[in-house]
Structures are given as C-alpha cells and as structure tokens.
Amino acid sequence: MSPSPRNAAAAWLESPLAREREAGPMQRQLHERLKRAILDGGLAPGSRLPGSRALAEALSISRNTVTAAYEHLAAEGYVQPDRQGTRVTELAPSAKAMLAVKSGAAPATARRLARIQPGAPRAEMDAALRPGMPALSHFPAAAWRRAIDRAIRDASPATLGYGDPLGEPPLRAAIARHLAIARGVRCEPHQVVIAEGAQEAIALCVRLLSNPGDTGWVEDPGYRGAKAAMHAGDMRIVPMRVDAEGLCVSERDWHRHPPRLVYTTPSHQYPAGAVLSIARRLALIAQARRHGAWIIEDDYDSEFRHAGEPIGAMQGLVDDAPVLYVGTFSKTMFPSLRLGFVVLPAPLMATVQKPLEEMLRGGHRHEQLAMADFIDSGQFSRHLGRMRRLYRERQQALRLALARHFKVPHEIDGGHCGLHLTVRLPPRFDDQRIAADALRHRLAPTALSNFAIRPRPSDNGLVLGYGNTSAELFEPLVKRLSQLARAAERA
C-alpha cells in the first residue's frame with residue numbers, strides 16, 4: 001500500500017530547508033531533496049507527494065515554490081500529476097538495477113591514455129627556477145590593456161560571434177610579416193592557422209597528417225608535450241637521440257623506422273639547448289621529401305637569442321619544404337594568453353583548408369585582434385628587445401652563481417637562446433630526488449631525466465629556468481640547490 005500524503009509529508013517535514021544565501025534558492029533545495037529521495041528509494045514508486053499547500057505551510061515557504069519544484073520534477077519524469085495529486089513514477093527495471101550497483105572499478109578510458117605518462121609534479125606558477133616561465137612582472141600590461149580596449153571599442157558586434165575558423169585575418173597577416181623579418185619564414189597569411197598555444201598546434205599537425213599506427217620521431221630527451229600529442233593520435237613513437245648538433249638521424253633510421261612525422265626544435269633544442277646544424281637540417285628536409293614524411297619545427301623560444309645573430313627557421317631554407325612551422329606567444333607574451341600558430345606548406349593548405357574549416361571554430365577574437373595591433377604598432381618588437389636584454393642579464397647572473405656556489409661536479413649545456421640552462425650532473429646525483437626536494441623549498445627545477453623516453457646515464461641533471469627569477473636571488477637559490485644536490489648523492 002502506498003504511504004498516505006500525511007505520512008509522506010511527515011517524513012519531509014523533519015528537516016527544514018536552509019535559509020542561508022549560500023545554500024541556494026528554496027525551490028532548488030526542495031527539488032534536489034525530493035529527487036534524491038526518489039533515486040535512493042526513500043520515496044517509493046507510486047507514493048504520493050504531499051499537497052503543495054500542506055508542504056508549504058510545514059516548511060514555511062511559499063506555495064508557489066513547492067508548485068514550481070513539483071513541476072520541475074514532472075518535467076524530468078520523476079513524478080506524474082493526476083487527479084489525486086502528484087505520484088512518484090516507476091523507474092525502468094534496468095535503471096533501478098544500475099542505481100543499486102556501486103562500482104569500485106576505475107572508469108574505462110581510451111587505451112592511448114595509458115601511454116601518456118605524467119611528468120614531474122607541477123610547481124606553483126611563481127616558484128623560482130621554473131623552466132619555460134617568462135618574466136611576467138616585466139610584461140607591459142598597460143600597453144596590452146590599451147590594445148584590448150581598442151580591439152573591443154573598434155570591433156563591430158559581429159565579433160561577438162564565431163570568427164574565421166583559421167584565425168582572425170589581421171593576426172594571420174601580422175604573424176606572416178613578423179616571421180618573414182624575424183625568422184626567415186616563407187609564407188603568406190592564408191598559410192597561418194591560429195591555435196591555442198604550441199601544444200594545440202602540434203596536436204593539430206598530428207590530426208591532419210597521421211593515422212593510427214603511424215610512426216612519429218621525437219627528440220630524446222625532448223619536449224613531453226610532443227610525445228603526448230602523438231600518443232593521443234595513436235602514433236607509434238620512436239625516440240631519437242640528440243647531441244651537440246641537435247637531432248641525430250642516420251640513413252639506417254629512415255629504413256628501419258620510417259616516420260610519418262618528425263618533431264624537432266632546431267633553433268634551440270629543448271631541453272639540451274643545441275642548435276641543429278645546417279648540414280643536418282638540409283639532410284632532414286631531403287630525407288623527409290624522399291620518404292613522404294613531414295617535419296614539425298617547434299620554434300618555441302627562438303626570439304630570445306643571446307649570442308650572435310638569430311638562427312633562421314628551417315622552414316625558410318628551401319622552397320616548399322615539408323615543414324610545418326609551430327610558434328607560440330606563451331613565452332614572448334604570457335602563458336594564459338593561449339595563442340599559438342602553425343604555418344602550413346602552401347600545397348598542404350590547399351588540401352586541408354576545407355577540413356580545417358569544419359574542425360575548428362574561431363574564438364578569442366578580441367585577443368587575436370589585440371595581438372595583431374600589438375605586433376603592427378611595434379609594441380611587440382619593443383617588448384621582445386627589452387626581454388632579450390633582461391634574459392641575457394639573468395642568464396649571466398645564473399651562470400656566475402653556478403660557478404661560485406654550485407659545489408657539485410657539473411656541466412652547463414646550451415644557454416645561447418631561450419629561458420633556461422641545462423646543468424648535467426654525474427649519475428650518482430639523483431636528479432629526480434633533487435627536483436622533488438627543491439619543490440619543498442619553492443624551487444622548481446626540472447629533472448633532466450624526466451624529458452627522456454629511454455634515459456641514459458648522461459640524461460641526469462637539472463633544467464633551470466631563469467626567466468621568472470630576479471638576478472639578485474640566484475646566489476642564495478643556487479646555494480640551496482647545491483645543498484640539496486649533495487644530500488641526494490647516492491652512496
């Protein structure tokens with residue numbers, strides 16, 4: 001026999017609704033309470049809910065509130081009004097069975113996720129010595145705010161809608177002009193595709209050019225994000241070693257593991273800091289053409305060259321090179337801007353433009369227009385000039401601090417470009433333990449071994465970022481790091 005309205009009402013009058021603002025509207029509270037009781041079996045199928053007037057009086061709330069909650073439950077199918085009142089509906093047997101099962105098993109996910117291994121614990125944004133973090137306190141926020149204001153003021157209401165899927169035309173044109181002058185990239189604006197950072201641009205290259213099971217070459221040690229993007233595309237990854245001249249590739253490699261995609265950071269190998277020699281660049285392009293492979297050139301921080309003339313992009317070496325040039329504003333501007341780009345070869349763009357227009361949706365339109373203005377007005381170039389000087393000074397200060405206070409045998413790699421130095425340590429010093437201990441002191445160096453798929457004894461050391469750390473702090477920080485390194489020495 002179904003419980004009477006009086007008994008049902010009594011069960012729900014025992015606990016009044018919360019009156020605090022943070023508890024939410026009375027209607028929502030009552031709706032959630034009744035819904036949960038139905039799903040948990042507290043209100044059985046066929047049982048009748050209290051009359052709206054009686055429940056409103058008992059809970060000291062408006063009758064309209066009760067009526068609205070009942071109507072919401074009816075719209076969702078939990079209850080059904082009839083001439084006698086409102087009754088709880090009968091759930092399907094399969095639904096009741098599923099609700100009764102409490103599964104302790106982990107959710108089933110795509111198998112590819114198991115190949116994406118977590119890296120080092122994430123440090124706080126302002127932790128010292130964190131690689132890849134620019135000097136955010138030196139960013140010209142006022143100039144950027146003015147660019148944003150102009151973009152919003154001058155744009156039509158149409159910019160609140162979807163934009164060009166490949167990116168705002170003014171930004172694509174500004175990037176093409178800047179890359180031609182600063183990086184020697186050969187491209188027209190229509191070849192530039194805007195993405196949410198370099199990581200998304202690499203993932204886009206994988207989606208456009210690879211099929212599950214295809215082979216991708218990555219630098220080892222190298223950027224973990226490229227490996228994650230290829231794993232997410234169900235590619236088979238082959239790690240390729242790097243040395244003082246960058247990516248090492250032999251004729252045998254091309255025949256044993258012919259790649260579909262080759263990921264490289266030729267202007268400043270991450271994290272070792274090598275520059276890919278011109279002989280290797282030309283050989284890589286020639287072999288990629290011969291084997292039908294594509295090269296993803298990640299030029300993530302090449303704007304910050306500290307010694308000599310800038311190293312030109314590989315993309316501009318020869319006509320129609322099979323190179324997809326990837327760049328980002330995360331290092332040159334600020335990471336949360338989430339603006340990157342990929343320059344596609346003209347023949348490839350002709351093939352993939354229509355699919356791209358279906359795959360992508362234009363967004364961040366005001367930020368894109370502001371970025372175009374920031375470049376065209378000269379603010380971007382002036383900002384880069386100031387940052388080059390700052391990072392050059394900070395790198396020199398870090399080198400000096402290491403020479404004076406890092407009392408552990410070490411060698412320094414790279415340093416002619418970018419925002420970090422790589423300090424190699426003898427294998428007896430556990431780089432992962434040093435990095436973990438440093439986090440407890442708000443220091444965020446990264447263990448070099450974390451970047452390698454197949455670590456070797458030489459892949460032991462620390463990657464030290466200097467972009468976000470003031471020069472006067474390096475001496476005490478390096479002293480602390482030296483203490484941590486000595487404590488992590490293996491017996």
Side-chain angles (χ1 to χ4, degrees), residues 1-110 113 122 124-125 145 148-149 151-153 155-163 196 336 338 360-367:
M1 178 181 295
S2 300
S4 68
R6 183 181 301 276
N7 292 336
W12 290 102
L13 293 180
E14 294 177 358
S15 176
L17 299 176
R19 301 287 173 174
E20 296 80 7
R21 180 185 297 272
E22 56 269 21
M26 296 292 182
Q27 176 187 328
R28 186 184 305 163
Q29 291 185 56
L30 181 58
H31 169 267
E32 289 297 322
R33 178 183 291 185
L34 293 171
K35 181 178 74 172
R36 183 51 49 197
I38 293 170
L39 292 174
D40 292 344
L43 285 173
S47 61
R48 200 187 314 165
L49 298 185
S52 58
R53 186 187 304 277
L55 187 55
E57 291 177 356
L59 295 177
S60 300
I61 59 177
S62 165
R63 185 182 180 188
N64 289 339
T65 299
V66 178
T67 301
Y70 282 8
E71 289 175 350
H72 193 174
L73 289 168
E76 294 175 320
Y78 289 103
V79 300
Q80 183 175 3
D82 59 27
R83 292 181 180 180
Q84 284 74 42
T86 303
R87 293 183 179 274
V88 178
T89 57
E90 177 74 38
L91 296 178
S94 58
K96 289 194 292 186
M98 285 189 291
L99 288 171
V101 174
K102 301 293 184 182
S103 175
T109 59
L113 295 187
R122 293 187 181 273
E124 296 181 23
M125 290 294 111
R145 190 180 303 112
I148 288 286
D149 289 344
I152 295 174
R153 183 188 65 225
S156 70
T159 58
L160 298 175
Y162 292 110
E196 290 197 359
S336 68
R338 304 314 307 140
L360 304 177
R361 293 291 181 270
H364 306 290
R365 299 189 66 184
H366 293 117
E367 289 87 347

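Quick caveat: nothing in here was measured; it's all calculated off a predicted structure.
- For the side chain to side chain contact (heavy atoms under 4.5 Å, CB included) with Met26, the qualifying choice from Leu17, Leu59, Val66 is Leu17, the only one to do so.
- Gly24 and Gln29 make their closest contact through O-NE2, 3.0 Å (heavy atoms, listed as atom of the first residue, atom of the second, distance).
- Atom CD of Gln80 has 12 or fewer neighbouring heavy atoms from other residues, nucleotides or ligands inside a 6.0 Å radius.
- Taken from CG in Leu73 to CD1 in Ile38, the straight-line distance is 5.5 Å, to the nearest 0.5 Å.
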| Audit row: Lys35, His72, side-chain contact (heavy atoms from CB on, under 4.5 Å) steps and yes/no | CA-CA 10 Å; Lys35 181 178 74 172; His72 193 174; over 6 Å; no

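- Judged purely by atom type and a 3.5 angstrom limit, Arg365 uses its side chain to pair as donor or acceptor with the backbone of Tyr162.
- In this structure, CD in Gln84 is found 6.5 Å from CZ in Arg48, a value given to the nearest 0.5 Å.
- In this structure, the separation between CZ on Arg338 and CD on Glu367 is 12.5 Å, given to the nearest 0.5 Å.
- For the atom pair Ile61 CD1 and Leu55 CG, the distance stands at 6.0 Å (nearest 0.5 Å).
- Salt bridge status for Asp149 with Arg153: absent, with no side-chain N to carboxylate O gap under 4.0 Å.
- When all heavy atoms of Val79 and Tyr70 are compared, the closest pair comes out as CG2-O, 3.8 Å.
- The NE2 atom of His366 sits 8.5 Å away from atom CD1 of Ile148, with the distance rounded to the nearest 0.5 Å.
- Of the possible polar contacts, one joining the Thr89 side chain to the Tyr78 backbone as a donor-acceptor pair under 3.5 Å is found.
- Distance check: Gln27 CD to Thr67 OG1 gives 10.0 Å after rounding to the nearest 0.5 Å.
- At a threshold of 4.5 Å between non-hydrogen side-chain atoms, the residues Arg19 and Ser60 count as touching.
- Enclosure of atom CZ in Arg21 is not indicated, since only 12 or fewer non-hydrogen atoms of other residues, nucleotides or ligands lie within 6.0 angstrom.
- Among residues at least two apart or in separate chains, salt bridge (Lys or Arg N to Asp or Glu O under 4.0 Å) pairs with a member in residues 63-84 are Asp82-Arg87.
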